[in-house]
Number of protein chains: 2
Amino acid sequence: MPDATDSRQPRKLTMQDVARAAGVSPMTVSNCFRYPERVQEKTRTQVLKVAAELGYVPNLSAGLLAAGTSRVIGAVLPSMRNSSFYRYTAGLREAAAERGYAVITMIAETPAEELSAVQTLLGLRVAGLALIAGPHARELKRMVELSSTPVVEAWAGEDAIGRGVGYDVGAASAELTRHLIAQGRRRIGFVDVAGGGGMRYSMRLPAFRREMFSAGLSDDLVMTVRAADGFGAGAQIIDGFLARDRRIDAVLCPTDVVAAGAIFECNRRGLAVPGEIAVAGWGDYDIGRQITPTLTTVAPFSDAIGRGAVSMLLDGGSGRGAEPLRTAFNVLPREST
Amino acid sequence: MPDATDSRQPRKLTMQDVARAAGVSPMTVSNCFRYPERVQEKTRTQVLKVAAELGYVPNLSAGLLAAGTSRVIGAVLPSMRNSSFYRYTAGLREAAAERGYAVITMIAETPAEELSAVQTLLGLRVAGLALIAGPHARELKRMVELSSTPVVEAWAGEDAIGRGVGYDVGAASAELTRHLIAQGRRRIGFVDVAGGGGMRYSMRLPAFRREMFSAGLSDDLVMTVRAADGFGAGAQIIDGFLARDRRIDAVLCPTDVVAAGAIFECNRRGLAVPGEIAVAGWGDYDIGRQITPTLTTVAPFSDAIGRGAVSMLLDGGSGRGAEPLRTAFNVLPREST
DNA sequence: ACTTTTCGTTGTAGCGCTACAATTTTAGGA
DNA sequence: TCCTAAAATTGTAGCGCTACAACGAAAAGT
């Protein structure tokens, strides 16, 4: 049986194989990938060519084990449904790519899932971990602290796990409230959001109350929805507020999607927006630009949050408990107010 | 200087440390994490407790290197903006979790980014790789073939990289077309989509043409938009079709978002939907359920695609070039047609 | 020509873990 | 009580790579 062992199952390709094929030592191959400038142009070109022909892809795990560092950043997201997070990850990816890092993300919809995602990422020994503010599992904080991996928490305030990065939600809420007051609105309803994501926005309501108080207006018109309701919350909101005060003249919604739902409901009822009632959203989602009337909203520049996260992770130094990085926001007045 | 070395920088914790602290051998610790059933209940509880106290997280890279396999699946997504992909990843995660696997995802918006994401994932030696159909870099196919990592391509047809999994887009398109014809529509416009994602839906138009031909109707009313246009394409579509045929009585849109844009435009113009013109979307997005009138659409059950992808990856065997796995779809007639 | 500097390349050792076989302990019969 | 089978635990070797120090070979001084 001459050919018995010849059934060429493409045995796993190692750096050794590439080295042999290129007639250099394994270390030279390693250097070609990791520190190209250490290798003479000619040698490098040759080695890389051979590697490509063979279809060699360096084993990052082995490299990590040997070197103790990887060039991968891990990000955990609570969901992907929302365009703020989309831009956030885009910011992460751009900033990471500029420094030669890759970003891997894991979705986690519950604190328990988040914990297990963090375990996986820590197990992979990522160079940095980017979390999103929200309710966390109790063990999470201790776990990341013990890991000595740099961690940032996006959309976080003072009490962040790791370092915080985000815009000043309270200031944005205050500015948006002042905008409505300046437009002559007097009976302003505020929609709060309960549950997970709510944590990221807990400063909205107090800031609203403060501004209303300063202007001598009532801050009673507050109701709570679950963010998950999306468009569907619109009817509920308009119903609820009208039942409490027929003459309500403005509504502050927790997201543009909820605000769009509210506007759809106003249309159905023949309530003129912004003639009879103004509606403001939050987050600068696509939909806010497309509906009629266009939606007044707060632009969070989420990509800047992502970029900031990467820079804190990678050059953040040992800033234990350093104060959060504040990114910019912008109140965008449009047709709906 | 007694305390010089006492500045306790929490030196990296290894399995060794846990073993020592728990009074067992490293192998027992390893087994506790990997094959819990091999370890006596009592021992395992004790070891796990010690590990948790110490904040030990096993180094997956080292484990992978030693064992040659990891329990991580890599997924590459072209974007996160769209709720089909959201449900797809949810399906991936559920099915993977049931089998004790984790899913890490990377976003790639261009073929070049996709290639580099695949390199990273292959470098991590993931247990399987889930790709999305679309334009790929030329080197991609060879790279994944050489890697001998199981690969699936979701939304793919016959010519998939690795194995394909997805629903029969042509059949769905035909069924939706027949639905409109059965409703008495005769002058039906078809909106095609150009660019990246278009690839995933290239079977829509031929199927539409076939059905129109069978019914003895004209299939001339075809226009193309870029998917990226989102809501904005609505006006363009309605404008364009009316300019070509004032009596057009139905429009088939490439996504629910585009269809919603078209409905908004019809509302602005006072064109009754479905009275004067029927509008159908594609993809069963949230918005289609929320607008008035609710939108007729095709539900792709994207989570089933994700689940199917995992099962092909993990029990797919050596099915080189096996035929694609076909998942279900459903035409959902609602108010807009 | 001979030393010094600089650059490019190469062995060696070991990162933290797990497969596997060997070993010890425990349970089950006779 | 002793013997065998089964279960639980443990050494050893090595996965593929990179840090580091050592080395050889050109380049630059003297």
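Here is the naming used below: chain letters follow the sequence lines, and residue numbers restart at 1 for every chain. All figures in this text were calculated on a predicted structure; none of them were measured in a lab.
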* Salt-bridge contact A/Asp303-A/Arg93 (side-chain N to carboxylate O under 4.0 Å) -> no

* Give me the residues of residues 59-71 of chain A where at least one heavy atom lies under 4.0 Å from an atom of DNA chain C, by number, or none. =>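 Of all residues in residues 59-71 of chain A, the ones placing a heavy atom under 4.0 Å from DNA chain C are A/Leu65, A/Ala66.
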
* **Near-strand residues of residues 49-58 of chain A, defined as heavy-atom separation under 4.0 angstrom from DNA chain C** =>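 The stretch gives none, as no residue of it lies under 4.0 Å from the strand.
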
Give me the distances for all protein-to-nucleotides 21-25 of chain C N/O pairs that come in under 3.5 Å?
none

* Derivation and outcome, side-chain contact (heavy atoms from CB on, under 4.5 Å), residues A/Arg163 and A/Leu325 -> CA-CA 8 Å; A/Arg163 305 184 66 178; A/Leu325 175 63; over 6 Å; no

Compile the donor-acceptor pairs under 3.5 Å between side chains in residues 35-61 of chain A and protein atoms, sequence neighbours left out, one pair per line.
residue: A/Arg44; atom: NE; partner: A/Pro36; partner atom: O; Å: 3.2
residue: A/Thr45; atom: OG1; partner: A/Glu41; partner atom: O; Å: 2.7
residue: A/Asn59; atom: OD1; partner: A/Ser61; partner atom: N; Å: 2.9
residue: A/Asn59; atom: OD1; partner: A/Ala62; partner atom: N; Å: 3.1

* Asked: With sequence neighbours excluded, what pairs up with A/Arg71 under the salt bridge (Lys or Arg N to Asp or Glu O under 4.0 Å) test?
  ->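 Counting only residues at least two positions away or on another chain, A/Arg71 forms no salt bridge (Lys or Arg N to Asp or Glu O under 4.0 Å).
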
* To do: Mind checking salt bridge (Lys or Arg N to Asp or Glu O under 4.0 Å) for A/Arg34 and listing every partner two or more places apart, or none if nothing turns up?
  => none

* Euclidean distance, atom CG of residue A/Asp17 to atom C1' of D/dC17 [Å, nearest integer] ->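 Taking CG of A/Asp17 and C1' of D/dC17, I get 13 Å after rounding.
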
* Under the side-chain contact (heavy atoms from CB on, under 4.5 Å) rule, collect the residues that match up with B/Thr89, sequence neighbours excluded. => A/Met80, B/Leu77

* Looking only at side-chain N and O atoms, does A/Tyr35 come under 4.0 Å of OP1 or OP2 in D/dT18? ->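 No, no such contact exists.
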
Got a list of side-chain donor-acceptor pairs under 3.5 Å for residues 127-140 of chain B, not counting sequence neighbours?
residue: B/His136; atom: ND1; partner: B/Glu114; partner atom: OE1; Å: 2.7
residue: B/His136; atom: ND1; partner: B/Glu114; partner atom: OE2; Å: 3.1
residue: B/His136; atom: NE2; partner: B/Gly134; partner atom: O; Å: 3.3
residue: B/His136; atom: NE2; partner: B/Glu153; partner atom: OE2; Å: 2.8

* With sequence neighbours excluded, what pairs up with B/Ser30 under the side chain to side chain donor-acceptor pair (under 3.5 Å) test? ->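 By the side chain to side chain donor-acceptor pair (under 3.5 Å) rule, B/Ser30 matches no residue at all.
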
* To do: Apply side chain to side chain donor-acceptor pair (under 3.5 Å) to A/Ser147 and list each qualifying residue two or more places apart in sequence or on a separate chain.
  =>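 With neighbours one apart ignored, the set is A/Thr149.
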
* To do: Using five base pairs at each end, measure the axis-to-axis angle across the helix from C/dA1-D/dT30 to C/dA30-D/dT1 and round it to 10 degrees.
  =>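 Computed angle between terminal axes is 30°.
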
* Assign a letter to each nucleotide of nucleotides 4-10 of chain D from its 5' end: B, base within under 4.0 Å of a protein heavy atom; S, sugar-phosphate only; -, no contact. => ----SSB

* Structure fact -> Closest non-hydrogen contact found for A/Ala95 with A/Arg307 is CB-CA, 3.9 Å

* Atom CG in A/Leu92, atom CD1 in B/Ile107: separation rounded to 0.5 Å? ->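 Those atoms lie 10.5 Å apart.
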
